[in-house]
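No hydrogens, no waters, no symmetry mates; every other heavy atom, side chains included, goes into these values.
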Amino acid sequence: MVLKIFFPQCCNKADSGLLVGRWIPGQNSAVVLAVIHYPFIPGQVKQYIHQMRGQSGVDLTVLGSWSMPKEGQEGMESFLRDLSTIFPQGQWLQLSREMGKIGFRCHVLTRDQNGKLVQQEKELKEDGGGEKGEGKGGEKKLEENKAEGEKGGGEKDKVIFIHYEQRKVMLSQLHPIENGVPDPQTESQLPQVFGTVCQSEPLFFLDKYDDSPVKLTHWQSEGREGSIIVELMKQASTPVCLLTTWILTLWTSLCSSRILNVRPMRFISSKLSTCVQLSYRTEHLQTVCSPTRATAHNHFMRKANIFVSFFVDVSLGLLLVSWIYRENRIGKLANTLVPAADHVAKELEELLQWLMGAPAGLKMNRALDQVLGRFFLYHIHLWISYIHLMSPFVEMILWYVGLSACLGLTFALSLLSDITALLTFHIYCFYVYGARLYCMTVYGLSSLWRLFRGKKWNVLRQRVDSCSYDLDQLFIGTLLFTILLFLLPTTALYYLVFTLLRLVVVMFQGVVHLGVDFINSFPLFAMGLRLFRSYRLAEGVKFRVLCEEPGTPLHLMMDINPLKVSSVVQTYRTPTYSCYPKDSWLALCKKLFLGELIYPWKHKTTKID
């Protein structure tokens, strides 16, 4: 078997003392967390380890001794070895380092049936292959040691030192490996190593400036890492969160009142992008300002992503406000908006005049063509009158609407989508009229086609059944089928033209909604960690040979593999109302062909028996 010792790099040059860490259960591995310096009192060491064990919840223990040779400490190694009687363990690691060498020497002492420590050979020739000049004598000695080990019922193990950066391992979060075939033993061992280092955070609070009888070496032994700004923000976050929670409680109680829950108000608010965005921002702020502490990693990342997204959203909104209200851009926009609406209305009039003639040389039904053309022209005249009636108030409306960007860029984009829907409401009406007329024609033709074949649609069973018709029914059906068939080109042309106009508006609103959804759901905090502190989001580890000196065990360096960018977005993306598609492309094409509304006020539901 192979004994793996995970050793922190910060302890490579530590003074002689005791190794504090944990034996991984079920694995022949040990995790070294810190080195307690000499001089020390064993009773105080036991008390300190018991205290840290209660605070961290990790089964901390003294793994063995660490010897760093210095002048005047020649007998330190034997003294530390004798301490194994005070700290009884099943195995006692005795590590030592020679000056001028990178590798460590390791001796493992195990207790026999009588409780005495017996030394096992766990290094030298098994790893380095023996020193030069030993020849056959060295091989003979190795065979003798092996035979003695087999007679005693023991099995010689190899020792591998795996060095790791303690700070990175403690702050990182290990994710499962994707698109790979990992080693099951390594997969079960690494989470325990990372969890041991992460849960042992109370052990790293003691530095050399603390007045404590126990002195340790770990990644914070030279001074505790911290920031005054971060500490001040932590102190100020509590009253701010309480105030925000109180305001959000009042807002939610106001929104849930009976006056705002009347059916028309609820219907309109569910269709306005601004109201939908406001409800989601309220939910996000309630999550961020929740008094419960985020203990799980996913909960903390969700809070951090929402907070950073909200901060970036408000910052971009303030930049937009500062740009809009400079150089009278609101007045220029108002002066441009009304002529643009008049120009669109005139273009629609010319399009309808073209359809009422002979568009592209097609022969249309004259009577139906004139009726539809005049009907749509009347709507355009009503729309032009409405625009000119509202023109004196457009600048004032835009001035107040622009202030909504202070709540965030997403609110400004949502308002832009709603204003676009309002300004193109006549196009939507034309599309609905044309789609309903075309849909009635198509379904009428399909129903009459079943009549010719002696079939009918069974509404109760949702299927086509056979049916016998008399002569009068067949005559009326043939007459209606002929009329609808000859009227189909005219209705289909109007439906096609207004559907294309509607698709242009829907595409523009879709781009705006994609921008809103990107700001709401993109994990900015997680992506910042991936770019600037990639070790915080780990997908796995990789090993490289650090030292392979003769006479010393193999030394490996454990580096953290950062999580892929695509995996970061997929794992930490905040779900929003636009994350899940409602219709596929096939369903969309089917709706367009049958004349069903592609932007309905109410979605159809399937019948369930």
(message) For the backbone of Asn12 and the side chain of Arg97, can you confirm whether one donor and one acceptor N or O come within less than 3.5 Å of each other?
(response) yes
(request) Would you indicate whether the side-chain heavy atoms of Thr274 and Leu278 approach each other to under 4.5 Å? (result) no
(request) May I ask you to check whether Gln277 and Thr410 show a side-chain donor-acceptor distance below 3.5 Å? (result) yes
(request) Report the C-alpha distance between Val35 and Leu18 in whole Å, list the side-chain angles of each, state the deciding distance to 0.1 Å, and finish with yes or no for side chain to side chain contact (heavy atoms under 4.5 Å, CB included). (result) CA-CA 5 Å; Val35 176; Leu18 297 177; over 6 Å; no
(message) Checking Gln189 against Phe6 for the side chain to side chain contact (heavy atoms under 4.5 Å, CB included) test, could you report, in this order, the C-alpha distance in whole Å, the side-chain angles of both residues, the deciding distance, and whether it holds?
(response) CA-CA 11 Å; Gln189 190 176 22; Phe6 292 85; 3.9 Å; yes
(message) Please check this pair: side chain of Thr245 against backbone of Cys289, looking for a donor-acceptor N/O pair closer than 3.5 Å.
(response) yes
(message) Taking the cut-offs as 6.0 angstrom to the six-membered ring centre and 45 degrees off its axis, would you call Lys46 and Phe87 a cation-pi pair?
(response) yes
(request) Could you tell me which non-hydrogen atom of Leu174 sits nearest to which non-hydrogen atom of Pro191, and how far apart they are? (result) CD2-N, 3.9 Å
(message) Rounded at 0.5 Å granularity, tell me how far SG in Cys198 sits from NE2 in His297.
(response) 10.0 Å
(request) For side chain to side chain contact (heavy atoms under 4.5 Å, CB included), just list the numbers for Ile49 and Val62, CA-CA rounded to whole Å, side-chain angles, deciding distance to a tenth of an Å, and then say yes or no. (result) CA-CA 8 Å; Ile49 292 178; Val62 177; 3.3 Å; yes
(message) So which atom in Arg573 and which in Asp517 form the shortest heavy-atom distance, rounded to 0.1 Å?
(response) NH2-OD2, 2.8 Å
(message) Between Thr252 and Thr249 (side chain of the first, backbone of the second, donor and acceptor by atom type, cut-off under 3.5 Å), is there such a pair?
(response) yes
(message) I'd like to know if Asp313 pairs up with Arg281 as an ion pair, taking the criterion as any Lys NZ or Arg NE/NH1/NH2 lying under 4.0 Å from an Asp or Glu carboxylate oxygen.
(response) yes
(message) Counting C-beta onward and ignoring hydrogens, is there a side-chain heavy-atom pair between Val516 and Phe411 closer than 4.5 Å?
(response) no
(message) Rounded to the nearest 0.5 Å, what separates atom CZ in Arg533 from atom CG in Leu171?
(response) 7.5 Å
(message) We want to know whether Thr217 and His37 form a side-chain donor-acceptor pair, criterion being a heavy-atom distance below 3.5 angstrom.
(response) yes
(request) Could you tell me whether a side-chain N or O of Ser273 sits under 3.5 Å from a main-chain N or O of Ser417, the two making a donor and an acceptor? (result) no
(request) For Leu63 and Gly21, work out which heavy atoms get closest and say how close. (result) CD1-CA, 3.7 Å
(message) Ignoring hydrogens, what is the shortest heavy-atom contact between Met68 and Lys13? Give both atom names and the distance.
(response) CE-CA, 4.3 Å
(request) Please name all residues satisfying salt bridge (charged side-chain N to carboxylate O under 4.0 Å, His left out) with Arg167, sequence neighbours left out, ordered by chain then number. (result) Glu225
(request) Report the relative orientation of the aromatic rings in Phe307 and Phe311; use parallel for angles under 30°, tilted for 30 to 60°, perpendicular for over 60°. (result) parallel
(request) Check whether any side-chain heavy atom of Ile519 sits under 4.5 Å from a side-chain heavy atom of Ser309, and report yes or no. (result) yes
(message) Using 0.5 Å steps for rounding, measure from the OG atom of Ser67 to the CG atom of Leu95.
(response) 9.5 Å
(message) Please tell me whether Thr571 and His175 have a donor and an acceptor in their side chains that are separated by less than 3.5 angstrom.
(response) no
(request) Determine, step by step, whether His555 and Phe543 satisfy the ring pair (Phe, Tyr, Trp, His ring centres under 6.0 Å) criterion, reporting the C-alpha distance in whole Å, the side-chain angles of both residues, the deciding distance to 0.1 Å, and the verdict. (result) CA-CA 10 Å; His555 291 258; Phe543 301 95; over 10 Å; no
(request) Of all the heavy-atom pairs spanning Tyr164 and Val169, show the shortest one and how long it is. (result) CD1-CG2, 3.7 Å
(message) Looking at Leu563, is its backbone amide N or carbonyl O close enough to the side chain of Ser567 to form a donor-acceptor pair, meaning the two atoms are under 3.5 Å apart?
(response) no
(request) Find out whether Leu109 and Gln91 are in side-chain contact, i.e. whether some heavy atom of one side chain is under 4.5 Å from a heavy atom of the other. (result) no
(request) Grab the two heavy atoms, one from Leu537 and one from Ala526, that are nearest each other, plus how far apart they are. (result) CD1-O, 3.6 Å
(request) Ignoring hydrogens and angles, tell me if any N or O in the side chain of Asn305 forms a donor-acceptor pair with the backbone of Met301 under 3.5 Å. (result) yes
(request) Classify the angle between the aromatic ring planes of Trp219 and Phe204 as parallel (below 30°), tilted (30 to 60°) or perpendicular (above 60°). (result) perpendicular
(request) Decide yes or no for Trp66 and Phe7: does some side-chain heavy atom of the first lie under 4.5 Å from some side-chain heavy atom of the second? (result) yes
(message) Whether Asp559 and Lys168 form a salt bridge (side-chain N of Lys/Arg under 4.0 Å from carboxylate O of Asp/Glu) is what I want to check.
(response) no
(message) Using the rule given for side chain to side chain donor-acceptor pair (under 3.5 Å), can you reason through Arg536 versus Ser172, listing the C-alpha separation, both sets of side-chain angles and the distance that settles it, and then say yes or no?
(response) CA-CA 4 Å; Arg536 293 290 298 271; Ser172 64; over 6 Å; no
(request) Answer whether the closest heavy-atom distance between the side chains of Leu546 and Leu556 falls below 4.5 Å. (result) no
(request) Kindly state whether the ring of Phe104 and the ring of His163 have centres lying under 6.0 angstrom apart. (result) yes
(request) Can you establish whether the number of heavy atoms outside Gln55 located under 6.0 Å from its atom CD is more than 12? (result) yes
(request) Go through the steps to decide whether Leu529 and Tyr535 satisfy the test side chain to side chain contact (heavy atoms under 4.5 Å, CB included), and finish with yes or no. (result) CA-CA 8 Å; Leu529 289 181; Tyr535 60 87; over 6 Å; no
(request) State, with a plain yes or no, whether a side-chain heavy atom of Pro523 is found less than 4.5 Å away from one of Arg530. (result) no
(request) Answer yes or no: is there a donor N or O on one side and an acceptor on the other, between the side chain of Gln166 and the main chain of Leu33, under 3.5 Å? (result) yes
(request) Output the distance between atom OG (Ser279) and atom NE2 (His284), rounded to the nearest 0.5 Å. (result) 9.0 Å
(message) If we count only N and O atoms by modelled type, under 3.5 Å, do the side chains of Thr196 and Arg22 hold a donor and an acceptor together?
(response) yes
(message) Between Thr287 (side chain only) and Glu283 (backbone N and O only), is there a donor and an acceptor less than 3.5 Å apart?
(response) yes
(message) For the CD atom of Gln199 and the CG atom of Asp59, what is their distance to the nearest 0.5 Å?
(response) 11.5 Å
(message) Within the 4.5 Å heavy-atom criterion, are Met558 and Leu190 side-chain neighbours or not?
(response) yes
(request) Quick one: pull up CZ in Phe161 and CG in Leu3 and give me the separation to the nearest 0.5 Å. (result) 8.0 Å
